[in-house]
**Q** 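This is the structure I want to talk about, given as structure tokens.
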Amino acid sequence: MRLSSLPIATQKEAPADAEIISHKLMLRAGLIRKLAAGIYSWLPLGLRVVRNVERIVREEMNRAGGLEVILPSVHPGALWHETGRWDIYGPELLRFKDRHDREFCYGPTHEEVMTDIARRELRSYRQLPVIFYQIQTKFRDEIRPRFGVMRAREFVMKDAYSFHIDDASLQETYQVMYEAYSRIFERTGLRFRSVMADSGAIGGDVSHEFHVLADSGEDAIVFSNGSDYAANIEATPAPVPEGHRPAPGATMEKIATPDTHTIEEVSAMLNVPASACAKTLFVCGHEKDTVVALIIRGDHELNAIKAAKLPEVADPLQMANTAQIRKIANSNPGSVGPVGLQCKVYADHSAAHLSDFVCGANEDGFHLRNVNWVRDLPEAATADLRNVIAGDASPDGSGTLEIARGIEVGHIFGLGTKYSAPMKATVLDRTGKNVAMPMGCYGIGVTRIVAAAIEQNHDEGGIIWPTAIAPFQIVIVALNLQKSAKLREAAEALYQRLSSQGYDVLFDDRDARPGVKFADCELLGIPVRLVIGERGLDAGTIECRGRRDSDNENIAMAALDDYLRKKLQITS
RNA sequence: CGGGGCAUAGCGCAGCCUGGUAGCGCGUCUGCUUUGGGAGCAGAAGGUCGGGGGUUCGAAUCCCUCUGCCCCGACCA
């Protein structure tokens with residue numbers, strides 16, 4: 001592509017509403033443009049990256065035995081009623097009606113549609129297992145779209161679904177897909193990690209997530225320094241304290257703590273560590289108008305996924321509002337505690353292990369000190385309610401846990417018959433009996449990978465694309481073309497030659513000053529830059545520089561092919 | 001959804017408090033000069049100040065309302 005024919009100008013300043021680096025750079029480089037909140041257009045350079053990611057995904061899906069399809073993005077509501085998800089999916093499901101007043105939705109995921117295909121087409125165990133996949137636009141009406149295409153409402157996803165005669169076959173395919181995913185992310189050139197995950201709303205028992213590692217990631221992922229244990233923090237069990245709870249010491253006393261609301265403030269005022277405080281959180285109960293109290297040690301954080309699994313607690317987790325808290329605790333948030341509560345109380349294992357702890361007194365401006373379970377309040381039901389913290393023992397018993405940030409770009413699930421049973425997607429087994437097919441589903445956020453790649457790979461100058469997904473492998477910068485016909489001929493010839501050799505080449509043939517061209521090269525992040533100027537022309541050399549290099553290399557024209565092969569070593 | 005904020009040229013912003021002919025930087029266009037790290041000079045185009053309503057002789061500015069967008073939020077107990 002000739003840059004002179006691309007009518008998209010790069011920008012020095014990013015729009016004020018872009019917050020994270022990938023969003024800013026994508027806008028400045030002209031990869032995307034916003035149409036509405038969470039809805040983006042992909043411009044030529046951005047689309048090339050998307051297509052490269054898609055190509056890798058498609059190749060590996062095909063290699064894993066997947067069959068590509070394209071399913072409709074608009075779904076009849078009736079299909080979603082069959083599985084009950086029309087009612088439980090919530091406002092993220094974009095619903096609308098056609099001219100006949102019939103219900104439809106824009107597909108946020110395609111289990112229903114895929115299962116409908118399966119139940120129509122699949123008749124016999126002899127046809128199984130089968131993997132269908134598609135690469136297609138999804139829409140999820142996110143509460144708060146943000147971070148550009150990272151958390152967009154409309155996005156491109158690869159979703160695959162597998163159908164099986166039994167769980168053993170599902171597990172086999174699950175493993176195949178796990179390996180395919182690992183290859184996909186290796187081939188993108190990104191640093192990634194697979195972790196065990198909570199299967200969440202989609203259901204099933206086995207589940208792994210694939211995360212691109214980046215400090216700006218929204219997810220916390222946990223791994224052991226003593227084993228290969230790795231999991232999403234949501235799914236990591238916290239260790240249960242060992243040994244007996246220390247015996248109660250001094251008598252419980254009430255102390256005035258005016259204007260002291262947070263654990264930090266309380267622990268500073270009373271000069272006790274946060275780990276000797278108990279914080280009380282009220283969440284909405286499963287039964288209407290009930291609340292449940294959750295007690296967590298002061299230095300710990302509530303894990304919403306774990307809490308929502310408690311039988312008395314509403315799923316998804318919803319915090320009680322101030323009015324509900326006042327009603328049950330007789331005080332405002334900031335002074336609440338577990339002593340004397342009339343509602344169901346759960347204590348995290350670590351909180352249940354506390355003796356002589358500090359907590360709110362259920363009276364505004366007061367806290368209690370030297371509080372003890374059994375002696376001062378009934379023993380609470382215990383559960384794992386907290387996020388693990390760095391240094392906790394690994395759940396598999398070897399090593400301690402460390403925490404890193406990640407961007408979730410892939411997720412695979414063993415679904416079982418969660419969809420096939422209600423939708424009656426059955427086949428005949430060897431004995432001639434109808435059985436519901438266990439299913440797996442496997443997703444990759446194609447457009448999110450593009451943003452994640454930038455989050456992980458950028459510098460002050462701009463994007464640094466991994467070669468495999470870069471919009472172009474090579475950029476030819478021709479300096480002062482207008483001054484020398486000879487220079488122009490040489491640049492043209494090089495562009496033609498490299499293009500015909502199969503390289504994706506961007507030719508900066510604009511009549512712009514050198515500084516402008518160099519700055520754009522860095523912003524666009526093309527892996528290899530070749531500069532043609534008067535300097536090397538007569539000497540028969542060309543100036544080469546990798547995007548991450550700090551210096552130029554002058555390569556003899558004859559040696560250019562070797563240089564490029566080495567620099568761009570493309571894995572496949 | 002709750003709370004906060006913003007909306008003025010393609011992008012970034014000022015002007016608003018204290019009402020009186022809409023500005024700056026970048027970008028764009030023309031010309032000349034310049035040409036190895038986002039050039040200089042001269043000129044130009046481009047805005048119904050998000051929409052609607054009100055107050056006023058007069059509204060970007062004050063008031064009401066609608067819309068759009070952004071940020072924060074279940075981690076405060």
**Q** In Watson-Crick or G-U wobble terms, both distances under 3.5 Å, what is the partner of B/C6?
**A** B/G68
**Q** Contact class for A/Gly360 (heavy atom, under 4.0 Å): base, sugar-phosphate, or nothing?
**A** nothing
**Q** Which is true for A/Arg529 with a 4.0 Å heavy-atom rule: it touches a base, it touches only sugar-phosphate, or it touches nothing?
**A** base
**Q** Can you confirm if the NZ or CZ of A/Lys254 lies within 45° of the ring axis of A/Phe366 and under 6.0 Å from the centre of its six-membered ring?
**A** yes
**Q** Determine: side-chain N/O of A/Arg513 to OP1/OP2 of B/G38, distance under 4.0 Å, yes or no.
**A** no
**Q** Reckon A/Arg510 touches a base, only the sugar-phosphate, or nothing at all at heavy-atom distances under 4.0 Å?
**A** nothing
**Q** Which of these nucleotides, B/G38, B/G12, B/G36, is closest to any side-chain atom of A/Ala16?
**A** B/G12
**Q** Determine the interatomic distance between C1' on B/U61 and the same-named atom on B/C17; round to the nearest Å.
**A** 9 Å
**Q** What distance, rounded to whole Å, do you find between the two P atoms, one in B/G19 and one in B/U56?
**A** 16 Å
**Q** Can the ring centroids of A/His367 and A/Phe357 be said to lie less than 6.0 angstrom from one another?
**A** no
**Q** In whole Å, what separates the C1' atom of B/A59 from that of B/C64?
**A** 14 Å
**Q** Could you tell me how far apart A/Leu281 (CG) and B/A77 (C1') are, to the nearest whole angstrom?
**A** 6 Å
**Q** Among B/C75, B/G38, B/C70, which nucleotide has an atom closest to any side-chain atom of A/Ala37?
**A** B/C70
**Q** If we call it a pair only when both distances are under 3.5 Å in a Watson-Crick or G-U wobble match, what pairs with B/G73?
**A** B/C1
**Q** Could you tell me the separation between the CD atom of A/Gln11 and the C1' atom of B/G25, rounded to a whole number of Å?
**A** 15 Å
**Q** If you pin A/Asn480 and A/Ile263 to their nearest nucleotides in RNA chain B, which one's is more 5'?
**A** A/Asn480
**Q** Among B/C11, B/G36, B/C71, which nucleotide sits nearest the side chain of A/Pro15?
**A** B/C11
**Q** Go through B/G36, B/G38, B/C69 for me and flag the one nearest to the A/Arg28 side chain.
**A** B/G38
**Q** Within the structure shown, what part of the strands sits under 4.0 Å from A/Ala329 by heavy-atom distance: base, sugar-phosphate, or nothing?
**A** nothing
**Q** Does A/Arg448 count as lying over the ring of A/Phe155, i.e. NZ or CZ under 6.0 Å from the six-ring centre, within 45 degrees of the axis?
**A** no
**Q** Counting heavy atoms from C-beta on, name the nucleotide in B/A39, B/C11, B/G36 closest to the side chain of A/Glu13.
**A** B/C11
**Q** With a non-hydrogen cut-off below 4.0 angstrom, is A/Glu19 in contact with a base, only sugar-phosphate, or nothing?
**A** sugar-phosphate
**Q** What is the separation between atom CG on A/Leu317 and atom P on B/C76, rounded to the nearest whole Å?
**A** 15 Å
**Q** Compare the minimum distances between each of B/A77, B/G12, B/C1 and the side chain of A/Thr262, then state the nucleotide with the smallest one.
**A** B/A77
**Q** Inspect the contact between A/Arg488 and A/Asp509 and indicate whether a charged nitrogen and a carboxylate oxygen are less than 4.0 angstrom apart.
**A** no
**Q** Provide, to the nearest angstrom, the distance between the CZ atom belonging to A/Arg326 and the P atom belonging to B/A77.
**A** 17 Å
**Q** Do A/Lys486 and A/Glu534 meet the salt-bridge criterion of a basic N to acidic O distance under 4.0 Å?
**A** no
**Q** Using the C1' atom as the point on both nucleotides, what is the distance between B/A22 and B/C16, in whole Å?
**A** 12 Å
**Q** Check step by step if salt bridge (Lys or Arg N to Asp or Glu O under 4.0 Å) holds for A/Arg405 and A/Asp215.
**A** CA-CA 5 Å; A/Arg405 307 300 301 182; A/Asp215 293 337; over 6 Å; no
**Q** Of the nucleotides B/A77, B/C75, B/C70, which has the atom closest to the A/Asp17 side chain?
**A** B/C70
**Q** Taking the P atom of each, how far is B/C70 from B/C57, in whole Å?
**A** 41 Å
**Q** Is A/Thr10 touching bases, backbone alone, or none of the nucleic acid, heavy atoms closer than 4.0 Å?
**A** base
**Q** Under 4.0 angstrom, heavy atoms only, what part of the nucleic acid is A/Lys517 near: base, sugar-phosphate, or nothing?
**A** nothing
**Q** If B/A44 has a Watson-Crick or G-U wobble mate with both distances under 3.5 Å, name it; if not, just say none.
**A** B/U28
**Q** When you measure from the side-chain N and O atoms of A/Lys483 to the phosphate of B/U34, is any distance below 4.0 Å, counting only OP1 and OP2?
**A** no
**Q** Against the six-membered ring of A/Trp42, is A/Arg33 placed for a cation-pi contact (under 6.0 Å from the centre, within 45° of the normal)?
**A** no
**Q** Can you tell me the pairing partner of B/C57 across any strand shown, Watson-Crick or G-U wobble, with both distances under 3.5 angstrom?
**A** B/G20
**Q** A/Thr280 vs A/Val345, test: side-chain contact (heavy atoms from CB on, under 4.5 Å). Steps then yes/no.
**A** CA-CA 9 Å; A/Thr280 304; A/Val345 178; over 6 Å; no
**Q** Starting the side chain at C-beta, find the nucleotide from B/G36, B/A77, B/G38 nearest to A/Val336.
**A** B/A77
**Q** May I have the distance from A/Leu537 (atom CG) to B/G36 (atom C1'), rounded to whole angstrom?
**A** 15 Å
**Q** Check every strand shown and say whether A/Asn552 touches a base, only sugar-phosphate, or nothing at a heavy-atom separation below 4.0 Å.
**A** base
**Q** Which part of the nucleic acid, if any, lies within contact of A/Leu27, taking any heavy atom under 4.0 Å across all strands shown: a base, the sugar-phosphate backbone alone, or nothing?
**A** nothing
**Q** A/Leu479 CG to B/A39 P: how many Å, rounded?
**A** 14 Å
**Q** For A/Asp520, answer base if it contacts any base atom (sugar-phosphate contacts may also be present), sugar-phosphate if it contacts only those atoms, and nothing otherwise; contact means non-hydrogen atoms under 4.0 Å.
**A** base
**Q** Which whole number of Å gives the distance between the P atom of B/A60 and that of B/U8?
**A** 15 Å
**Q** With rounding to whole Å, what would you report as the distance between B/G5 and B/G10 at their P atoms?
**A** 27 Å
**Q** Just call it for A/Ile296: base, sugar-phosphate, or nothing, with non-hydrogen atoms closer than 4.0 Å on any strand.
**A** nothing
**Q** Could you tell me how far B/C49 sits from B/C24 if I compare only their C1' atoms? Round to whole Å.
**A** 15 Å
**Q** Whole-Å distance between B/C75 C1' and A/Glu264 CD?
**A** 9 Å
**Q** Would you mind checking if A/Asp508 and A/Arg2 are paired as a salt bridge, meaning a charged N to carboxylate O distance below 4.0 Å?
**A** no
**Q** Could you give the CZ-to-C1' distance, from A/Arg144 to B/G4, as a whole number of Å?
**A** 12 Å
